[in-house]
Amino acid sequence: MLLFISCNAFAQFNNDYVWLLGTQGNPPTQDPAYGIDFMKFNNGELNVERDYLDVEFFLTNSSICDVNGNLLFFSNGCKIYNSSGQVMQNGSGLNPGLAYTTGNCPDMGNAVTKGLIVLPLPEDSTKYYIFHESAEEGEGSSASYIAKVYYSLVDVSENGGLGKVLEKNQVVIADTLRGDMHAVKHANEKDWWIIVAKGNNNVIYKILLTKNGIDGVFEQETGPNPDPWYSGGGSSCFSPDGTKYARYYYDEQLSLFDFDRATGELSNFQQFYVDTTTGSLYGHLAFSSNSRFLYAANQIAIYQFDTEALDIAASKVLVGEYDGYKYLDIFPTYFHQMQLAPDCKIYMATHNGSNVLHVIHSPNEQGTACNFRQHEFIIPAVSAASIPNFPNYRLGTPYPVCDSSIALVTTAVRVPPPLREARLWPNPASGEVFVELAAPLPQPGTWALYNGMGQRVRREVLATGQAEHSFSVAGLPPGLYFWEVKSSNRRLGGGKLVVQP
């Protein structure tokens with residue numbers, strides 16, 4: 001009996017035990033590098049599989065499992081998908097209005113870093129709150145900003161366990177905001193605090209989620225006044241023990257606070273210089289599982305801070321610098337979002353599309369002993385800038401933050417489905433691309449290409465009666481782009497396109 005209890009110690013509160021990354025491709029039969037990566041941390045093993053689902057992930061990414069680690073649903077900030085990979089009932093149209101056209105929605109993945117997080121409704125095993133942020137375009141401008149925090153409510157007991165969205169796009173906060181949010185359990189170990197910062201002053205919003213739903217939105221003035229020009233280029237996170245809250249943005253650098261989980265109050269504000277050299281516009285954060293070491297990364301460097309040191313600023317150690325590795329010898333694998341995993345490692349996405357993740361193998365070790373390795377973890381399908389956003393679901397339970405005995409075991413590839421309504425090739429491309437439709441257009445249409453900020457860089461008219469079209473991408477800077485075909489206000493297809501020199 002004691003052995004049984006020990007073996008199942010990690011089989012509870014495993015809500016973050018399935019990660020999804022990647023992109024569908026155009027179509028998967030002609031783009032074998034594409035697909036959706038499933039990282040499954042169950043049963044003491046890390047199994048990495050590729051599946052082919054009609055979904056795209058970009059900056060916004062989260063999923064939720066039941067307490068035993070079985071996938072319930074996931075979202076890319078545009079739609080909510082059930083455990084079978086299909087759009088959940090009432091699950092389309094997340095982040096409506098301008099956000100749905102400028103934030104890479106409906107099918108390319110929302111473009112808000114840490115712009116979505118899923119939380120169990122306290123004392124209810126069937127309902128989950130999804131908090132999500134929208135990126136909207138300024139009037140008369142191509143620049144985007146974070147304008148709202150919404151919530152949507154899912155009941156996973158509906159439709160035979162496939163779930164249903166009961167409420168959707170309910171506004172919680174309408175304001176100019178920072179482009180990320182994080183959550184931590186209340187001191188009662190049931191309720192949740194969700195924190196998001198205002199984008200043009202030092203106000204921090206704190207949302208309280210209880211068994212009755214949202215039980216208040218509170219404001220606190222603390223920390224530096226941000227520069228709105230850089231307000232979207234960073235991230236925040238709580239320490240696994242919930243005692244610290246950190247933010248890293250280009251304009252304010254690293255901000256560290258103590259957090260009171262009972263009152264929701266932030267205190268003991270401290271500010272530290274990280275790096276303002278070239279490549280430091282974007283800031284990303286992750287704590288070690290013991291909550292002591294804080295990792296702060298820009299595009300080309302990653303630093304460790306010891307939050308228990310008498311002089312935290314002096315504890316800063318450079319633990320890794322970008323080594324120049326390029327996917328396909330073209331696309332730099334710059335550093336991007338990070339997330340502490342169930343196996344106690346920290347996984348880091350790459351800024352451009354690639355088939356690798358960077359890894360901090362021993363985050364609880366001081367300095368370079370943390371063992372940061374670049375482009376070491378190979379994933380079956382190409383992913384760009386995306387990593388799931390999870391809180392510590394095990395805080396306040398008898399179970400540890402993570403299990404370092406989880407070991408990588410297998411990778412697998414599954415059979416792709418038939419072609420979709422539109423496809424594009426070659427991909428990557430440098431000069432000319434071709435778009436093929438399943439049938440000739442009965443009315444004129446358009447082909448549009450967007451950069452990673454959601455700005456349109458190409459638009460071409462498609463003539464009536466044609467099923468194949470060619471377009472030039474010559475002159476565009478190398479990188480990751482997003483394309484779509486529309487006719488009569490109907491979206492016929494879309495996906496990601498890698499432009500190379």
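These values consider heavy atoms only, across backbone and side chains, with no hydrogens, waters or symmetry-generated copies.
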Aromatic ring pairing Trp19/Tyr347, orientation class (parallel under 30°, perpendicular over 60°, tilted between): perpendicular
Side chain to side chain, Asp51 and Phe38, heavy atoms closer than 4.5 Å: yes
Any donor-acceptor N or O pair under 3.5 Å, side chains Ser236, Asp180: yes
Spatial distance of atom CG (Leu59) from atom CD (Gln337) [nearest 0.5 Å]: 6.0 Å
Exercise: do Asn47 and Glu45 side chains pair donor with acceptor under 3.5 Å: yes
Arg261/Phe238 under side chain to side chain contact (heavy atoms under 4.5 Å, CB included): CA gap, chis, key distance, verdict: CA-CA 11 Å; Arg261 293 196 293 130; Phe238 280 99; over 6 Å; no
Inter-residue atom distance Ile194.CD1 - Lys206.NZ, 0.5 Å rounding: 12.5 Å
Whether Phe74 and Tyr81 hold their rings parallel, tilted or perpendicular, with breakpoints at 30° and 60°: parallel
Single hit among Phe390, Tyr393, Tyr399 for ring pair (Phe, Tyr, Trp, His ring centres under 6.0 Å) with Phe13: Tyr399
Check: Gln253 side chain, Val274 main-chain N or O, donor-acceptor pair, under 3.5 Å: yes
Partner of Phe372 by ring pair (Phe, Tyr, Trp, His ring centres under 6.0 Å), out of Tyr303, Tyr322, Phe293, Phe335: Phe335
Atom CG of Asp258: over 12 foreign heavy atoms under 6.0 Å: yes
By ring pair (Phe, Tyr, Trp, His ring centres under 6.0 Å) - contacts of Tyr481 (at least two apart): none
Residue pair Ser383 / Phe57, side-chain heavy-atom distance below 4.5 Å: no
Sidechain-backbone polar pair: Glu308 side chain, Ser291 backbone, donor-acceptor under 3.5 Å: no
Distance-only side-chain donor-acceptor flag, Asp403 / Ser405, under 3.5 Å: yes
Main-chain N/O of Pro380 paired with Arg50 side-chain donor or acceptor, under 3.5 Å: yes
OG-OH distance between Ser354 and Tyr325, expressed to the nearest 0.5 angstrom: 7.5 Å
Polar side-chain atom of Tyr295 near backbone of Pro363 as donor-acceptor pair, under 3.5 Å: yes
Between OH on residue Tyr150 and CG on residue Leu116, distance to nearest 0.5 Å: 13.0 Å
Check: Lys79 and Val55 side chains under 4.5 Å, non-hydrogen atoms: no
Ion pair check, Glu133 and Lys114, cut-off under 4.0 Å: no
Main-chain N/O of Asn68 paired with Asp66 side-chain donor or acceptor, under 3.5 Å: yes
Phe259 vs Ile195, side chain to side chain contact (heavy atoms under 4.5 Å, CB included): CA-CA, chis, key distance, verdict: CA-CA 11 Å; Phe259 186 73; Ile195 286 192; 3.8 Å; yes
Rounded distance (nearest 0.5 Å) linking atom CZ of Phe272 with atom CG of Asp311: 8.0 Å
Heavy-atom pair with the smallest gap, counting every atom of Gly69 and Tyr17: CA-CB, 4.1 Å
Ile117 to Met181 - nearest heavy-atom pair and separation: N-CE, 4.3 Å
Pro478 side chain near Gln500 side chain, heavy-atom distance below 4.5 Å: no
Check: His358 side chain, His375 main-chain N or O, donor-acceptor pair, under 3.5 Å: yes
Geometric class of the Tyr129/Tyr151 ring pair [parallel <30°, tilted 30-60°, perpendicular >60°]: tilted
Side-chain heavy atoms of Asn352 within contact of Val498, under 4.5 Å: no
Polar side-chain atom of Thr307 near backbone of Arg292 as donor-acceptor pair, under 3.5 Å: yes
Tyr248 and His284, any side-chain heavy atoms less than 4.5 Å apart: no
Step-by-step side chain to side chain contact (heavy atoms under 4.5 Å, CB included) determination, Ile80 to Lys168: CA-CA 10 Å; Ile80 303 168; Lys168 185 171 62 178; 5.7 Å; no
Side-chain donor/acceptor of Asn169 to backbone N/O of Asn95, under 3.5 Å: yes
Side-chain (Asn61) to main-chain (Leu20) donor-acceptor, under 3.5 angstrom: yes
Heavy-atom closest contact (Ser404 atom, Cys344 atom, distance): N-SG, 3.5 Å
Steps toward side chain to side chain contact (heavy atoms under 4.5 Å, CB included) verdict (Leu153, Asp155): CA-CA 7 Å; Leu153 178 62; Asp155 187 339; over 6 Å; no
Atom pair CG (Leu340) and OG (Ser289), whose distance is rounded to the nearest 0.5 Å: 6.0 Å
Residue pair Leu94 / Ser152: nearest heavy atoms and the distance that separates them: CD1-OG, 3.7 Å
Close side-chain approach of Pro388 to Leu21, heavy-atom, < 4.5 Å: yes
Closest heavy-atom pair and its distance - Leu162, Ser83: CD2-OG, 3.8 Å
Any donor-acceptor N/O pair, Ser362 side chain to Asn364 backbone, under 3.5 Å: no
Closest contact, heavy atoms only, Leu294 versus Cys237: CD1-SG, 4.5 Å
Phe331 side chain reached by Lys326 side chain, heavy atoms, under 4.5 Å: no
